[in-house]
Each structure stands twice: as C-alpha cells, then as structure tokens.
Amino acid sequence: MSTKSKTATGNGNASSNGTAVNGEWPTRARHLLVDLDGTLVRQQEAIDGAAALLAHFHDRYAIVSNNSTHTAQGLAKRLGRLGLRVPPGRIVLAGELAVRQLAQQHPGARVLLIGSPALQRFARAEGCDLVQESADFVLLALDMHFSHARLAVVANELLRGAKLIATNADATHPGPQGRVVPETGALLAAVIAASGQQPWRVIGKPAPLLFEEGLRRLGAEPGSTVVVGDNPLTDAEGAARLGMACLLVGQTPGAVAPTVAGLFAAREEAPQYRLSESTSKVWRSVRTEVS
C-alpha cells in the first residue's frame with residue numbers, strides 16, 4: 001500500500017482526512033495520540049508545551065510510546081514528578097503490550113525476558129512463565145544491564161529454536177542537550193548479528209497495535225484523531241498506515257515546530273509531514289519486517 005494515499009494533500013492546510021493542521025488544529029482534532037520520548041519528555045525533563053498540550057486535550061488523548069522499560073503505573077508517577085499528570089489508563093506502552101499479547105496468545109509458554117525489573121514483575125503478574133533456558137520465546141525489551149553474557153544466552157536460545165519478539169526496533173531516542181539514548185533496536189541489532197535470526201514479531205510503532213489500542217481506549221476513530229510525534233519512521237508512518245493525520249515536532253525534516261509548544265503558537269501554514277516513497281523504501285530496507 002502506498003503511504004502517500006494516507007498522508008497530507010500537500011496544500012499545507014489540511015490532511016487527507018480533513019483535520020486542520022494549521023494553527024486551528026487543536027480545536028478541530030477530536031482525539032490525540034501523542035508520542036512520549038522526544039515529544040513530551042527528554043529523559044528527566046518535560047519538553048516545553050507538553051503540560052499545556054495534555055491539559056488542552058484533557059480526557060481526549062492517549063500517550064502511545066515504544067517505551068519498554070516502564071509500566072504505565074510507574075511511568076505515570078515519573079511523569080507526575082515532571083509536572084505531567086497522566087492517568088495510567090491513558091498510557092499505552094510497547095513493553096506492556098508485548099507482555100500482554102504473549103501471555104494471552106501463548107498461555108503457558110516459556111519466556112526468556114530481556115528487560116527491566118519493572119517489566120519482569122509485570123510479566124509475572126500477567127502469568128508469564130519466565131525462564132533462563134529452554135525458552136519457547138525470547139522477548140527482547142530495553143535492558144540497561146545488557147551484557148556479552150546475556151547476548152550469548154539469547155543468541156543460543158534462538159539458535160536452539162526459540163522465537164524472537166522485540167518490543168520495538170528503535171535504535172535510539174532523543175536525550176537532553178542533543179544526546180541520544182540507545183534503545184531496544186540497538187540490542188536487537190546485536191542479537192541479529194550474533195544469531196543470524198530475524199525477529200518473529202516486532203510490537204511497537206510503526207506497527208498498528210499500539211495505535212489501535214490507543215484508539216480503543218479513547219473510543220476514537222482514526223479520521224478524527226491526530227498523532228503528534230517526533231519520528232517520521234515510527235509516528236508518521238504508523239499514523240499513515242491507519243489513515244490518521246500526523247504532526248511532527250523537533251528537528252526532523254517536515255517538523256511543524258521545534259517543540260509541542262509551537263503547535264499552539266504557530267498560525268502560519270504548517271504542512272503535515274509527507275512520508276515519501278523513497279523514505280518508506282529506506283525504512284523497509286534498514287528495519288526488520290514489522291508484523
């Protein structure tokens with residue numbers, strides 16, 4: 001499917017589904033799906049305009065993030081300390097969703113989970129049988145203590161026949177002062193290099209699962225929902241696949257403002273990001289296939 005058919009008309013005033021993308025868009029968009037890292041926060045600081053954006057949409061937004069370190073409960077507390085009051089039910093995370101899907105679709109499966117202590121606890125609470133060997137599935141999330149020894153265990157489990165599920169394929173996310181923070185995709189690259197095995201499934205954006213869950217929780221329709229994010233290869237492409245308008249912020253080409261604060265300030269024409277065929281081909285060539 002061509003991504004062009006699902007993106008902006010190119011006139012700078014409206015998306016193909018009729019949602020305004022100029023300075024009037026906040027009053028016309030019925031619901032909002034908003035990215036987290038690089039859009040609302042950078043590590044331990046809230047980005048300018050984040051609180052105002054969430055306050056404006058009040059009960060009409062959901063955060064949809066490839067984050068696989070936190071649970072929604074833990075992330076809500078962290079965001080609260082940054083001045084962003086977000087109910088856990090409005091937070092959709094790739095890590096949690098991957099665990100839930102695995103527990104529901106493969107009950108009783110033996111799972112080697114590479115991830116944070118918080119995600120490990122969540123998986124046990126969901127009924128996952130976590131093991132260190134002879135796994136049916138390897139679930140790869142962001143593990144801050146990933147090591148050569150862990151890499152060896154994972155590679156050999158995959159070579160033995162376990163299926164690899166990755167929470168997301170992002171190599172990095174934005175940090176403070178222009179720095180980058182290595183993400184799950186960086187670990188995934190090492191796993192692929194060591195094992196020669198491609199992931200059986202990748203859960204996070206741009207795959208539709210997170211967006212669909214966000215829409216479900218809001219009772220929203222794609223045609224009246226705007227995605228706000230900072231990454232054309234996850235936020236914009238994922239929105240395009242479901243026919244949603246997308247506004248990008250940050251320094252990426254096609255961004256309409258440096259931060260979400262600019263989405264309210266700007267009254268001049270602000271073109272919606274157009275995901276070109278060439279960009280889409282590059283995405284497909286450098287990323288593993290997303291189910």
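The analysis underlying the following values was restricted to heavy atoms, covering all of them including side chains, and did not include hydrogens, waters or symmetry mates.
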Item to check | Salt bridge present between E237 and R241 (N-O < 4.0 angstrom) | outcome: yes
Next on the checklist: A side-chain contact here means heavy atoms from C-beta on lying under 4.5 Å apart; do L93 and S68 qualify?
Outcome noted: no
Next on the checklist: Taking the side chain as everything from C-beta on, heavy atoms only, tell me whether L263 gets closer than 4.5 Å to V249.
Outcome noted: yes
Next on the checklist: Counting only heavy atoms not in Q251 (residues, nucleotides, ligands), do more than 12 fall under 6.0 Å from its CD?
Outcome noted: no
Checklist outcome for this item: What one should report as the nearest heavy-atom pair of V64 and G214 is CG2-CA, 4.4 Å
Checklist entry - Taking 4.0 angstrom as the limit, do K205 and D235 come out as a salt bridge? => result yes
Checklist entry - Should the heavy atoms of other residues, nucleotides or ligands under 6.0 Å from CZ of R160 be counted, would the total exceed 12? => result yes
Checklist entry - Within a reach of under 6.0 Å around CD of E221, are more than 12 heavy atoms found that belong to other residues, nucleotides or ligands? => result no
Checklist entry - For R85, does the CZ atom have more than 12 heavy-atom neighbours from other residues, nucleotides or ligands under 6.0 Å away? => result no
Checklist entry - Is the charged tip of R110 near the ring of F137: under 6.0 Å from the six-membered ring centre and within 45° of its axis? => result no
Item to check | Donor-acceptor under 3.5 Å (R42 side chain, D37 main chain) | outcome: no
Item to check | N/O donor-acceptor pair under 3.5 Å between E96 side chain and A72 backbone | outcome: yes
Checklist entry - Taking the side chain as C-beta and beyond, is there a heavy-atom pair between P222 and L215 under 4.5 Å? => result yes
Checklist entry - Are side-chain heavy atoms of L79 and I91 found at a separation under 4.5 Å? => result yes
Next on the checklist: Give me the atom names and distance for the closest heavy-atom approach of N168 to L188.
Outcome noted: O-CD2, 4.5 Å
Checklist entry - Does the pair T39 and I47 meet the rule for a side chain to side chain contact (heavy atoms under 4.5 Å, CB included), with working shown? => result CA-CA 7 Å; T39 303; I47 292 176; 5.7 Å; no
Checklist entry - Does the R60 side chain pair with the main chain of R30, one donor and one acceptor, at a distance under 3.5 Å? => result yes
Checklist entry - Is a side-chain donor or acceptor of D170 paired with a backbone partner of T172 at a separation under 3.5 angstrom? => result no
Checklist entry - W200 vs H106 aromatic rings, parallel, tilted or perpendicular, using cut-offs 30° and 60°? => result perpendicular
Checklist entry - Do L54 and Y61 pass the side chain to side chain contact (heavy atoms under 4.5 Å, CB included) test, and can you show the C-alpha distance, the side-chain angles, and the key distance before you say yes or no? => result CA-CA 7 Å; L54 299 185; Y61 76 87; 3.7 Å; yes
Checklist entry - Should D35 and L40 count as side-chain neighbours, where that means a heavy-atom distance under 4.5 Å? => result no
Checklist entry - Is the CD atom of E133 crowded by more than 12 outside heavy atoms at less than 6.0 Å? => result no
Checklist outcome for this item: In terms of heavy-atom contacts, T259 and D48 come closest through OG1-O, 3.4 Å
Checklist entry - Hey, does V202 have a side-chain heavy atom less than 4.5 Å from the side chain of I165? => result no
Checklist entry - Which heavy-atom pair separates A123 from V99 by the least distance, and what is that distance? => result CA-CG1, 3.6 Å
Next on the checklist: Keeping R217 on the side-chain end and G89 on the backbone end, is there a donor-acceptor pair under 3.5 Å?
Outcome noted: yes
Checklist entry - Ignoring hydrogens and geometry, is there a side-chain-to-backbone donor-acceptor pair from S147 to R150 under 3.5 Å? => result yes
Checklist entry - How far apart are the closest heavy atoms of E157 and V138, and which atoms are they? => result CB-CG2, 4.1 Å
Checklist entry - Does one side chain, of T69 or S116, offer a donor that lies under 3.5 Å from an acceptor on the other? => result no
Next on the checklist: For a side chain to side chain contact (heavy atoms under 4.5 Å, CB included) check, start with the C-alpha distance between I63 and V86, then their side-chain angles and the critical distance, and finish with the verdict.
Outcome noted: CA-CA 9 Å; I63 292 175; V86 183; 4.0 Å; yes
Next on the checklist: Would the distance check show the side chain of Q120 and the main-chain N or O of L113 forming a donor-acceptor pair, the cut-off being under 3.5 Å?
Outcome noted: yes
Checklist outcome for this item: Heavy-atom nearest pair, T167 first then A94, reads O-CB, 3.5 Å
Checklist entry - Do other residues, nucleotides or ligands put more than 12 heavy atoms under 6.0 Å from E126 CD? => result yes
Item to check | Chi angles and distances behind the side chain to side chain contact (heavy atoms under 4.5 Å, CB included) call for V260, V228 | outcome: CA-CA 8 Å; V260 289; V228 175; 4.0 Å; yes
